[in-house]
Amino acid sequence: MKREANFWNKLEGKKVQCNLCAHGCKISQDKVGICGVRKNENGRLYTMIYGSCSSMAADPIEKKPLYHFYPRTYAFSMGTVGCNFKCSHCQNYSISTADPQFSHMQEITPEQVVEYTKQYNCQGVSYTYNEPTIWHEFCYDSAKLVKKAGFYTCYVTNGYISEDPLRELSPVLDAMNIDVKAFKEDFYKKICKARLEPVLNTCVIANELDIHIELTYLVIPTLNDSLDEIRDLCRWIVDKLDENIPVHFSCFHPDYDMTNIPSTPMETLLKIYDIAKEEGILFPYLGNVSHGDYENTVCKKCGNICIERRGYSINLDGLRNGKCMKCGNTIPIIINKKI
Ligand code: SF4
């Protein structure tokens, strides 16, 4: 659905500049920006996807992944089309590369997001599947209503949002899982056609704004799996963010235009897990792996397993009122009052 966009300005002639994400696209008349969903029509910028939903489902919050945010709840999850990154290993390329004419689109209103959240028996809403930044106007309008109705909101994002829209969103956005795809500019330039620095800025600003953040790092053999790079990332997190921020190191599986690279060996992931702990990350996790205790939340004081995860089967018996059941140590986790 077409609607005039926010966060843009006029340039000479009939050109416009979009300021929603760090690309800052300068867009000529009748053209779209890099994301493919924001169009210059007659010298004004329009979002072509307001309320246009490509996918919706009730997902466990752990799927995002968010491990320290309302564990064992379900989020009404939805996405649209397009993306401001061009990652060659995209796992959702059928929607991220689709345009607003995508045939499976369903038009919905912000009010319906609240209705669906209730109907699907969810405790919150997740803007996910493709990049939510480029859906800003609809996410913001619907998140306001979702919060008012007493539900939580979260983004699964590449972190390329500009500061002003992030600040606008922050009063109605509870959590973000931010993908840090590498800790080198070169990777972002070659693989994502983007830059690392704006992503790191988003992490810092979101943290300052008190949005709950968790980071995901997909470990791709030969491209971003250098142990020095991982060490540098972990040091940066401890130094600039917070040692309590959960960091999910995920196993890569070949996809889209990157089928020539094998899956991440477990051995590499285990080394990374140890490095993260050595560098002071208190809650490193391994994702997309089928064995081991690397998905559990362990009390740093007494070693008790406070949350045990086996895929999406979540056991919260080791946690009471946000504290370790055994020693009473506070676990930095946002919980339902009942847990
Ligand atoms: S949101 Fe889209 S149009 Fe706007 S700057 Fe980013 S990529 Fe360009």
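Note that the structure is a prediction, hence the values are computed from the model and not measured. When a residue number appears, it is its place in the shown sequence, counting from 1. Start at 1 and go down the list; that is how both ligands and their atoms are numbered.
In this pair, F76 and Y116 present their aromatic rings parallel. The plane angle is below 30°, not in the 30 to 60° band.
Taking the ring axis of F151 as reference, the NZ or CZ atom of K118 does not stay both within 45° of it and closer than 6.0 Å to the ring centre. By the 6.0 Å and 45° rule, R309 stacks over the aromatic ring of Y285.
With N158 as reference, N84 is the one residue of D179, N84, T133 to meet the side-chain hydrogen bond (donor to acceptor under 3.5 Å, both in side chains) rule.
Residue-and-atom listing of protein N/O/S atoms under 2.8 Å from atom 2 (Fe) of ligand 1, sorted by chain and number: C35 SG.
Proximity of P221 to P265: side-chain heavy atoms (C-beta onward) are separated by under 4.5 Å at one or more points.
Note that the CG atom of L316 and the CD atom of E308 stand 10.5 Å from one another [nearest 0.5 Å].
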